[in-house]
A.B. asks: 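If you scroll down you'll find the structure; I have some questions about it.
In this text the structure is predicted, and so the values were computed from the model without any measurement. By convention in this document, chain letters (A, B, ...) are assigned in the order of the sequence lines, proteins followed by strands, and residues within each chain are numbered from 1.
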Amino acid sequence: MAELPDLTVFANILSRMFKNKVLEKLDVTVPKKLNVKVQELQSALEGCILESVERAGKTLQFHFSGENVLGLHLMLRGELVELSEDKTPKFQIMAFHFEKGKGFAVIDMLKQATATLHPLKAAAPDALEITKEDFTALVAKKHTIIKTLLMDQKSLRGIGNSYADEILYHACVSPFSTASAIPQWDVDKIFKSIDIVLNTAIKEIALANGNELAGELKDFMKIHNAALKVTSNGDVIKRDKIGGRTTYYTQAQQLFL
DNA sequence: ATGCATGTTCCCGG
DNA sequence: TCCGGGAACATGCA
């Protein structure tokens, strides 16, 4: 359940560990989500140098020498694990073997993690890159529920169910608000909250993880957290479904319809 | 033991 | 055309 902040941290850790290393071997255990044949993927990437790892939306982008790019989406339950000698991790999807026996694997018990060779550049802006003007225009033209809009990857990339709740809680706007009905002042607040909530989480997770790729899931959530009954203010945390997903919010969050 | 969690896609209906 | 709702995916956890 890696979300945007986790992925940003993973990208940084992978860069530290494998940047400028040669990918000696790429094992594909579960090829069903690949956009190319296993052999095509291997011949494109094996022998290449990993030049950078970046996050884009909810994906990681591995940039290899020779203009080769691999996109990776972990979907619901995908995880990254560092490889230890001679042991294939349980639920392995693919394994990246670099020099000196070092490497990492993608694991996913749902087998839904998706690797894409030469992914198309996404049209929608990333949640951490969108400008205030573009965000304002986006919110103004959509008549859907604000939480649904924040999570719509075709509109804005990178925000999932739990951080959508965290952002709207931080901005004090009800997740049930109609996007186009939200006043400019509050749209500005949401825009700022996206930046603050995500970047704060990145810092906290980076600190907690160190160089651990997966690490245990630290719970930094202030509202999207099943263990909490009330917020730090003492407001009762309510639960509802939006888009089939559990949504946590309080009565104090302003509703605009 | 039952049901919930999580992202995406696809299908149906208003 | 836009929007919402539900199912499906496989497994671990409370």
A.B. asks: Which is true for Gly160(A) with a 4.0 Å heavy-atom rule: it touches a base, it touches only sugar-phosphate, or it touches nothing?
C.D. replies: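 Sugar-phosphate contact only.
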A.B. asks: For the pair made of CG in Leu110(A) and P in dC13(C), what is the distance, rounded to whole Å?
C.D. replies: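 Answer to the nearest Å: 14 Å.
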A.B. asks: Between dA5(B), dG7(B), dC3(C), spot the one nearest the side chain of Leu76(A), thanks.
C.D. replies: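 The nucleotide sitting nearest to the side chain is dG7(B).
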A.B. asks: Whether Lys141(A) contacts dT1(C) is assessed here as follows: a side-chain N or O lying under 4.0 Å from the phosphate OP1 or OP2. Is that the case?
C.D. replies: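 For dT1(C), OP1/OP2 do not have a side-chain N/O of Lys141(A) under 4.0 Å.
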A.B. asks: Looking at DNA chain C, which of residues 55-63 of chain A put a heavy atom within less than 4.0 Å of it?
C.D. replies: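 Those residues: none at all.
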A.B. asks: Does the side chain of Lys90(A) get closer than 4.0 angstrom to OP1 or OP2 of dG12(C) through an N or O atom?
C.D. replies: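 Checking Lys90(A) against dG12(C): at least one side-chain N or O falls below 4.0 Å of OP1 or OP2.
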A.B. asks: Counting side-chain heavy atoms from C-beta on, which of dA5(B), dG4(C), dG7(B) comes nearest to Ile145(A)?
C.D. replies: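 It is dG4(C).
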A.B. asks: Let me know the distance between NZ of Lys154(A) and P of dC2(C), rounded to the nearest Å.
C.D. replies: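 For the pair Lys154(A) NZ and dC2(C) P, the rounded distance is 12 Å.
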A.B. asks: dT6(B) and dA14(C): how far apart are their P atoms, nearest whole angstrom?
C.D. replies: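 Going atom to atom, P in each nucleotide, I get 14 Å.
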A.B. asks: Hey, are the side chains of Tyr169(A) and Asp235(A) touching, using non-hydrogen atoms and a 4.5 Å cut-off?
C.D. replies: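 With C-beta onward as the side chain, the pair stays apart.
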A.B. asks: Ring centroid separation for Phe62(A) and Phe98(A), is it under 6.0 angstrom?
C.D. replies: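 For Phe62(A) and Phe98(A), the ring centres are not under 6.0 Å apart.
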A.B. asks: Do Glu46(A) and Lys25(A) touch side chain to side chain, with heavy atoms closer than 4.5 Å?
C.D. replies: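 Yes - at least one pair of side-chain heavy atoms lies under 4.5 Å apart.
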A.B. asks: Nearest whole Å is fine: how far is dG12(C) P from Lys111(A) NZ?
C.D. replies: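 So the two atoms are 11 Å apart, to the nearest Å.
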A.B. asks: Which nucleotide wins on minimum distance to the side chain of Met109(A), given the candidates dT8(B), dG12(C), dA5(B)?
C.D. replies: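 For Met109(A), the side-chain atoms sit closest to dG12(C).
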A.B. asks: May I ask you to check whether Thr246(A) and Lys241(A) show a side-chain donor-acceptor distance below 3.5 Å?
C.D. replies: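 Yes.
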A.B. asks: Would you say His170(A) and Ser193(A) are linked by a side-chain donor-acceptor pair, where the criterion is simply a distance under 3.5 Å?
C.D. replies: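 Yes.
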A.B. asks: Defining pairs by Watson-Crick or G-U wobble geometry with both distances under 3.5 Å, how would you list the stems of DNA chain C with at least three pairs each?
C.D. replies: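 So far as stems of 3 or more pairs are concerned, DNA chain C shows B:2-5 with C:11-14, B:7-14 with C:2-9.
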A.B. asks: Sequence neighbours left out, what pairs pass salt bridge (charged side-chain N to carboxylate O under 4.0 Å, His left out) with at least one residue falling in residues 174-203 of chain A?
C.D. replies: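 Qualifying pairs, neighbours excluded: Lys132(A)-Asp188(A), Asp186(A)-Lys189(A).
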A.B. asks: State which of dT8(B), dA10(C), dC9(C) makes the closest approach to the side chain of Gln112(A).
C.D. replies: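 Within the option list, the nearest is dC9(C).
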A.B. asks: Would you say Gln184(A) has more than 12 foreign heavy atoms packed within less than 6.0 Å of its CD?
C.D. replies: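 It does: Gln184(A) CD has more than 12 such atoms within range.
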A.B. asks: Just the rounded figure in Å: distance from C1' of dG7(B) to CZ of Arg77(A).
C.D. replies: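 Atom-to-atom, Arg77(A) to dG7(B), this comes out as 12 Å.
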A.B. asks: Is there, by distance only and without an angle test, a donor paired with an acceptor across the side chain of Arg245(A) and the base of dG7(B) below 3.5 Å?
C.D. replies: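 Yes, a donor-acceptor pair under 3.5 Å.
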A.B. asks: Want to settle it: does His143(A) or Phe91(A) sit nearer the 5' end of DNA chain C, counting the closest nucleotide to each?
C.D. replies: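 Closest to the 5' end, via its nearest nucleotide, is His143(A).
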A.B. asks: Does a donor on one side chain sit under 3.5 Å from an acceptor on the other, for Ser180(A) and His143(A)?
C.D. replies: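 There is such a pair between these side chains.
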A.B. asks: Could you please name the option among dA5(B), dT8(B), dT6(B) that lies closest to any side-chain atom of Thr246(A)?
C.D. replies: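 In terms of side-chain proximity for Thr246(A), the closest of dA5(B), dT8(B), dT6(B) is dA5(B).
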A.B. asks: Nearest-Å distance, CD1 (Ile93(A)) to C1' (dC9(C))?
C.D. replies: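 Going from Ile93(A) (CD1) to dC9(C) (C1'), I get 12 Å.
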A.B. asks: Does Asp240(A) pair with Lys238(A) as a salt bridge, N-O distance under 4.0 Å?
C.D. replies: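 Not counted as a salt bridge, because no side-chain N and carboxylate O are separated by less than 4.0 Å.
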A.B. asks: Taking atom P of dA5(B) as reference, at what distance in whole Å does atom CE of Met151(A) sit?
C.D. replies: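 For the pair Met151(A) CE and dA5(B) P, the rounded distance is 13 Å.
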A.B. asks: Using only side-chain N and O atoms of His73(A), determine if any of them is under 4.0 Å from OP1 or OP2 of dG7(B).
C.D. replies: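 No, because none of the side-chain N or O atoms of His73(A) sits under 4.0 Å from OP1 or OP2 of dG7(B).
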A.B. asks: Taking the inter-plane angle between the rings of Phe104(A) and Phe18(A) on a 0 to 90° scale, is it parallel (under 30°), tilted (30 to 60°) or perpendicular (over 60°)?
C.D. replies: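 If you compare the ring of Phe104(A) with that of Phe18(A), the planes turn out tilted.
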A.B. asks: With a 4.5 Å limit on heavy-atom distance, are the side chains of Leu50(A) and Leu14(A) in contact?
C.D. replies: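 No; the side chains remain at least 4.5 Å from each other.
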A.B. asks: Rounding to a whole Å, what distance do you find between Lys241(A):NZ and dT6(B):P?
C.D. replies: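 Going from NZ in Lys241(A) over to P in dT6(B) covers 9 Å.
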A.B. asks: Please report, rounded to the nearest Å, how far the P atom of dC3(C) is from the NZ atom of Lys147(A).
C.D. replies: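 Result: 18 Å.
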A.B. asks: May I ask you to verify if any side-chain N or O of Thr148(A) is less than 4.0 angstrom from the OP1 or OP2 atom of dC3(C)?
C.D. replies: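 Checking Thr148(A) against dC3(C): no side-chain N or O falls below 4.0 Å of OP1 or OP2.
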